[in-house]
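Accompanying notes for the structure given below.
So that the names make sense, note that chain A is the first sequence line, chain B the second, and so on, each numbered from 1. Values below: every heavy atom of this structure, side chains too, minus hydrogens, waters and symmetry copies.
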Amino acid sequence: MYLFNTLKRCKEEFVPIDENNVRMYVCGPTVYDRAHLGNAKTPVVFDVLYRVLCNKYGKNHVTYVSNITDVDDKILNKHKETGKSIREITEQTYQWYVDDMAKLNVLAPNYRPRATEYINEMIELVELLLKERHAYEAQGHVLFDVDSMPNYGFLSGRSMKEMIAGARIEVADYKKNPADFVLWKPSDADQPGWNSPWGYGRPGWHLECSAMSSKLLGNSFDIHGGGSDLIFPHHENECAQSLCAHPGEKFANYWVHGGMLMVDGVKMSKSLGNFYTIDQVLEKAPAEALRLLFLTTHYHQPFNFTFEGLEAAKQTLDKFYNALLRVKDMACDSSSADERIVNALEDDINTPLALSYIHELVNTLNKAESDVDKAKAKTTLLKSAELLGILWQNPEEWFKGSVGDEAQEIEKLIAQRAEAKKNKDYALADKIRNDLKEKGIILEDSPQGTTWKKI
RNA sequence: GGCCGGUUGGCAGAGUGGCUCAUGCAGAGGACUGCAAAUCCUUGUACAUCGGUUCAAUUCCGGUACCGGCCUCCA
């Protein structure tokens, strides 16, 4: 298995520290508002990686952690804007997020830790850094001393000189070096906070992931993931904290970063009016279409979202489910996933290549004649699709949705049309078909009779 | 300004130092069908640009142009 490792800036063979417990940590969202498309892409990509790891090492030999940041100034701002309590905001947003993930068929990670439940671990980590002289106190803050770490910047590949040249680092008079970042900061009495050796305050963002990953996965683990925008400063600072607090440990061996999501070729932003939340997009297309769409581009590339692409993904799924609909009553045999698909996914999660083989498997299924061949083709397709997290739905439900009384009415019209066809009254038969088409119901004749679908 | 990444056919999007060939959508033709739909078969079109290395480059190296990302919160 191979992964593109940001540390080495190249693809390298993945060798876990412990094959019996492969450990992965992926940065999750800050819960202050509905998750947007970018917040959806990253978990979908790492969900595929999780599935591939489970397939290779066994489900019980993989530990996957994805955190929830529930203490942050953005949440504080939301509280000021809306007047809603912090707790109300984070609980509601968390629930929305979990629901969105479920719709996208993202498997639940083994742990979904919340920052506020690991404050003690964070305080311990700060104490360790102070003791090792990698941090210092100033005006109620505790700051990480970047000058205490000679190779600070090794992950993102930038030198201290460059960072200062950037000159957009927040300058504060209490910082020894402008690049020093906050580990702990003071809170006002009306702000969320916890008592600490440095007074009432709250943790800096970077600290959370270092503390939670250490607690749940250990001081050295295999994969750390996230969007490429997190490389600097977030992941760089996590490295600084964790490596300085635990000398001799490796923190994460493989850093895996997904390309940014864009909309119509440019960065998604509220000011450009091309900002979409997951639930907004799911009003226009099934969640599975969005999931498939994310997988049509290699995760490492920037991903360009368009509604045309979303519609195309939906049509692709129609094609796939059409094939499955024909063999809906066929039992699966003992076939396993297509080896080419496993190989493609184990080669740095090459989902576009894997999908091209899915198309081939669908074609094979459509052409299969004997029951034995059909069962084999169906099983291979479903087992392969499971690695990608697609085709999990019942094909009839995919096309018909949750229809109630409507179905009986349609069946009645189909019977009428069959009668008309028998009498060679094609005008009436075509009228029934066209009337239904206007209501979004498509009829398909076959030697076995007529079936219908919703479009 | 600094640091990264990209540029493949009408569109989306893999991949490869030479071979017949990604794949999908769209287009063209055909089979099946009362007609459709679905499905199947056949088919055209490509590697930004200029140099270099090589027997051979879309693929490796370098320059140029263009596009995007990061450098501040961000998945």
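- Rounded to a whole angstrom, the distance from the C1' atom of B:A46 to that of B:U23 is 15 Å.
- Residue contacts for A:H298: at a heavy-atom cut-off of 4.0 Å it reaches the sugar-phosphate backbone alone, with no base atom in range.
- No hydrogens or angles were tested; on distance alone, nothing pairs the side chain of A:N363 with the base of B:C40 as donor and acceptor under 3.5 Å.
- The minimum heavy-atom distance between A:K376 and A:S335, with the atom names listed, is CG-OG, 3.5 Å.
- A straight line from CG of A:D347 to C1' of B:G15 spans 11 Å, rounded to a whole angstrom.
- Going from atom NE2 of A:H300 over to atom P of B:G15 covers 12 Å, rounded to whole Å.
- Distance NZ (A:K267) to P (B:A75): 10 Å, rounded to an integer number of Å.
- Comparing the P positions of B:A22 and B:A56 gives a spacing of 24 Å, expressed to the nearest Å.
- For the salt bridge (Lys or Arg N to Asp or Glu O under 4.0 Å) criterion with A:E406, the lone passing option out of A:K400, A:K439, A:K454, A:K412 is A:K454.
- The separation of B:C32 from B:A38, taken at their C1' atoms, amounts to 11 Å, rounded to a whole angstrom.
- Judged by distance alone with a 3.5 Å cut-off, no donor-acceptor contact links the side chain of A:R9 to the base of B:C4.
- Contact annotation: the side chain of A:F221 never approaches that of A:V65 to less than 4.5 Å [non-hydrogen atoms, C-beta and beyond].
- In the set B:G13, B:G34, B:A75, B:G34 carries the atom at the smallest distance from any side-chain atom of A:R417.
- If you run ring pair (Phe, Tyr, Trp, His ring centres under 6.0 Å) between A:H36 and each of A:F275, A:Y276, A:W96, only A:F275 comes through.
- Between A:F251 and A:S213 the shortest heavy-atom distance is CE1-OG, 3.6 Å.
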Check: residues 283-293 of chain A side-chain donor-acceptor pairs under 3.5 Å, at least two apart:
residue	atom	partner	partner atom	Å
A:E288	OE1	A:Y321	OH	2.8
A:E288	OE1	A:Q393	NE2	2.6
A:E288	OE2	A:Y321	OH	3.2
A:E288	OE2	A:L391	N	2.5
A:R291	NE	A:L388	O	3.1
A:R291	NE	A:G389	O	3.1
A:R291	NH1	A:D47	OD2	3.0
A:R291	NH1	A:L104	O	2.9
A:R291	NH1	A:N105	O	3.1
A:R291	NH2	A:D47	OD2	2.7
A:R291	NH2	A:L388	O	2.9

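- Whole-Å rounding puts the A:E360 CD to B:A22 C1' distance at 9 Å.
- A:Y2 has its OH atom 21 Å from the P atom of B:A14, to the nearest Å.
- With distances taken from any side-chain atom of A:M262 to the nucleotides B:U39, B:G69, B:U23, the minimum falls on B:G69.
- Between A:Y299 and the options A:T42, A:T351, A:D348, a side chain to side chain donor-acceptor pair (under 3.5 Å) holds for only A:D348.
- Remark: P of B:A12 and CD of A:Q301 are 13 Å apart, rounded to the nearest angstrom.
- Annotation: A:E360, atom CD; neighbour count of heavy atoms from other residues, nucleotides and ligands within 6.0 Å is above 12.
- When the P atom of B:G24 is taken as reference, atom CD of A:E311 falls 19 Å away, rounded to whole Å.
- For A:K437 and B:A37, the shortest distance from a side-chain N or O to OP1 or OP2 is not below 4.0 Å.
- The heavy-atom pair separating A:K378 from A:L365 by the smallest distance is N-CD1, 3.8 Å.
- Annotation: B:G51 and B:G44 have their P atoms spaced 31 Å apart (nearest Å).
- Using atom P as the reference point in both B:G2 and B:C61, the two lie 22 Å apart (nearest Å).
- A sub-4.0 Å separation between OP1 or OP2 of B:C73 and a side-chain N or O of A:T69 is absent.
- For A:E444, counting side-chain heavy atoms from C-beta on, the closest listed nucleotide (B:A37, B:C70, B:C35) is B:A37.
- In this structure, of B:C73, B:A75, B:A14, it is B:A75 that holds the atom nearest to the side chain of A:T30.
- With distances taken from any side-chain atom of A:D430 to the nucleotides B:C40, B:G34, B:A38, the minimum falls on B:G34.
- Toward the 5′ end of RNA chain B lies the nearest nucleotide of A:K367, the other residue of the pair A:K367 and A:N39 mapping further downstream.
- Using a 4.0 Å heavy-atom cutoff across all strands shown, A:G309 reaches no nucleic acid atom at all.
- When distances are taken from the side chain of A:R433 to each of B:A14, B:A75, B:C35, the shortest belongs to B:C35.
- One finds no side-chain N or O of A:K422 lying less than 4.0 angstrom from the OP1 or OP2 phosphate oxygen of B:G34.
- Using P as the reference atom, B:C11 and B:U7 are 15 Å apart when rounded to the nearest Å.
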In dot-bracket, 5' to 3', how would RNA chain B read with Watson-Crick or G-U wobble pairs under 3.5 Å, [ ] for crossing ones and | for pairs to another strand?
-> (((((((..(((.....[....))).(((((.......)))))....(((((..]....))))))))))))....
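- Here the separation of B:U54 from B:C21, taken at their P atoms, is 28 Å to the nearest Å.
- Following rounding to the nearest Å, A:F303 (CZ) and B:G6 (P) show an atom-to-atom distance of 18 Å.
- Of the listed residues (A:T6, A:D229, A:L155), just one forms a side chain to side chain contact (heavy atoms under 4.5 Å, CB included) with A:H235, and that residue is A:L155.
- When distances are taken from the side chain of A:D229 to each of B:G34, B:C70, B:A14, the shortest belongs to B:C70.
- The side chain of A:I442 approaches B:A37 more closely than any other nucleotide in the set B:G13, B:G68, B:A37.
- Note on A:N366: every side-chain N or O is 4.0 Å or more away from OP1 and OP2 of B:U39.
- Within 4.0 Å (heavy atoms only), A:N350 reaches sugar-phosphate atoms of the nucleic acid but no base atom.
- Note that the CG atom of A:L345 and the CG atom of A:L353 stand 8.5 Å from one another [nearest 0.5 Å].
- Between A:S356 and B:A14 there is no side-chain N or O to OP1 or OP2 distance below 4.0 Å.
- Here A:L443 lies in heavy-atom contact (under 4.0 Å) with a base.
- Note on A:K74: a base of the nucleic acid sits closer than 4.0 angstrom, heavy atoms only.
- If you take atom C1' in B:C67 and the same atom in B:U72, they sit 23 Å apart, rounded to whole Å.
- Nearest nucleotide to the side chain of A:N322, out of B:G24, B:A38, B:C73: B:A38.
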